[in-house]
There are 2 protein chains.
Amino acid sequence: MSAKAPVPGRLVIIGGAEDKDGEMAILRRIVELAGGTDGNIAVVATASGAPLDPALRYRSLFLDLGIGQASCLPISSRIQAYDPGVVERIRKSTGVFFTGGDQLRITSILGGTPVHKALLERRMEGALVAGTSAGASAMSDIMIVGGPEEEAPKKCTTKLAPGMGLLHDSVIDQHFAQRGRIGRLLSAIAQNPGITGIGIDEDTAIEVGPDLCFTVLGSQTVTVIDGRNIEITNASERAPDSPLALTDVTLHILPKGYGYDLKTGKPLAPKGD
Amino acid sequence: MSAKAPVPGRLVIIGGAEDKDGEMAILRRIVELAGGTDGNIAVVATASGAPLDPALRYRSLFLDLGIGQASCLPISSRIQAYDPGVVERIRKSTGVFFTGGDQLRITSILGGTPVHKALLERRMEGALVAGTSAGASAMSDIMIVGGPEEEAPKKCTTKLAPGMGLLHDSVIDQHFAQRGRIGRLLSAIAQNPGITGIGIDEDTAIEVGPDLCFTVLGSQTVTVIDGRNIEITNASERAPDSPLALTDVTLHILPKGYGYDLKTGKPLAPKGD
């Protein structure tokens, strides 16, 4: 018997406010990808200053949707993120779910700790990693911390910080259309057009496979901003905070079933079309 | 002495909420283009259900900024739009300014009347035509009447109506970033990607020359949506109101001094760069 190399687990990255009392298509898909009745989801509510309520709520939702086991991981400080008992629970999980709150709490508490390391390892061994809202933002190498909403794009006004490193060469934004965030995502992409901007609406998610193709789940849309063809930009000129110039940005609007190949930068029509 | 063919007048199309107590760069430019001390601006507040206040305010602003003459045209009904005295005042103007309000009031009251005809003729003879907010929307052949804001783009949810026909093959939207309107503009473009979408922010304007190139004025940005390269769309499928799919849209973000050639679909860097 020859051991197969493990396939990295999928990511489910949700734009926040996912359906929790209707069909729950996104949460249901998370339960399925985490192994269903054989699965074990660890809920991490580190993003929240009051983690107990959201942690218990998601645990209960995942159990209702048929996951074998679900538990709440108590990680509200860096000390807890070094606790071998907590690390062991990450190591036994088939899925890890990050709730919403403040993405800087996730990275500032977990970054570089044994829990973070265990998370990256479990993912490479095939475990699902999912997150909503702040838990979505924290997925990429570089994450948006904040920036102006419902405003014209400005230079250098979008605050960025290092994320959890589960998705490379991309920047995620969430609550995207609902909070008028295209300006801040464009401002982030202008600083390095080699990065793909992914704006995820509420009750909408991307499911990223090991081949770095993603498929859209949920009721709204995902906006992909591809800056590789940008010809004119004033991003590097003086005067931060002044209006941005940016030409020849490629934009894709993708609803449920549509997808995108992050390797080639090509949108994908629904299978069967 | 051979008579030269007249050059069509410029358009100044403002995204609403233009500066009225600072430098007033946009309104100042309108006064300049309308002929300054030799000019005569007719203010048309037809878009407003209570036209007197906005009409008098703009008249006073234009006079303060040095226009030779400015008058308020009383057109709140189709009967008034047939009044030879009102038509004569349009014919004597060097600039016509449309205030904000409801763009359907402009088109439903003026559409097809002698005032509308005189406006189109004066423009072809060289008069400036300017408008803000609803007065901006009404400029194009096809205008946006309304649609969802701060939402993912949906199919067929953006209401369109015939505009005043001063700008062809374009759809204007105003208060653009400030009201999260990119979804509704994308929805309009999806219905006919041959049309250029022009989203104008508050205190920002485009100045369209007779060569169909425009330059951006004001403090924020103009978003141009070019759909000619769209590859995948679900706009023509069933289920209106369902999320839109749209790939390979080209987007340009243009601040003051940048421009766009509506004939070729190419963005223009500031002159001197």
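Here is the naming used below: chain letters follow the sequence lines, and residue numbers restart at 1 for every chain. The model shown is predicted, which means the values in this text are computed figures rather than measured ones.
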remark   = Honestly, the part of B:Asp248 sitting under 4.5 Å from a heavy atom of chain A is both
task = Take the angle between the ring planes of B:Phe97 and B:Phe62 and call it parallel below 30°, perpendicular above 60°, tilted in between.
result = perpendicular
message = Does any backbone or side-chain atom of A:Gln220 lie under 4.5 Å from a heavy atom of chain B? Answer side chain, backbone, both or neither.
response = both
inquiry  = Let's test your reading of the structure: which of A:Leu186, A:Leu254, A:Asp226, A:Thr250 forms the most heavy-atom pairs below 4.5 Å with chain B?
reply    = A:Thr250
task = Select one option (side chain, backbone, both, neither) describing which atoms of B:Lys266 are under 4.5 Å from chain A's heavy atoms.
result = neither
request  = Please state whether the side chain, the backbone, both or neither of A:Ile230 comes within less than 4.5 Å of a heavy atom of chain B.
outcome  = neither
ask   = A:Thr204 side chain to A:Gly218 main-chain N or O, any donor-acceptor pair under 3.5 Å?
value = no
request  = Look only at the side chain of A:Asp203 and the backbone of A:Asp19, and say whether a donor-acceptor pair between them is shorter than 3.5 Å.
outcome  = yes
query = With only heavy atoms counted, which part of A:Leu246 is less than 4.5 Å from chain B, the side chain, the backbone, both or neither?
reply = both
inquiry  = Below 4.5 Å, heavy-atom pairs only: which of A:Ala190, A:Pro243, A:Pro153 has the largest tally toward chain B?
reply    = A:Pro243
inquiry  = Checking B:Arg179 against B:Gln174: is there a side-chain donor and acceptor pair closer than 3.5 Å?
reply    = no
inquiry  = Would you say that more than 12 heavy atoms from the other residues, nucleotides or ligands in this model lie under 6.0 Å from the NZ of B:Lys20, or not?
reply    = yes
task = Give, as side chain, backbone, both or neither, the part of A:Lys256 having an atom under 4.5 angstrom from any heavy atom of chain B.
result = neither
query = Does A:Arg57 CZ have over 12 foreign heavy atoms under 6.0 Å away?
reply = no
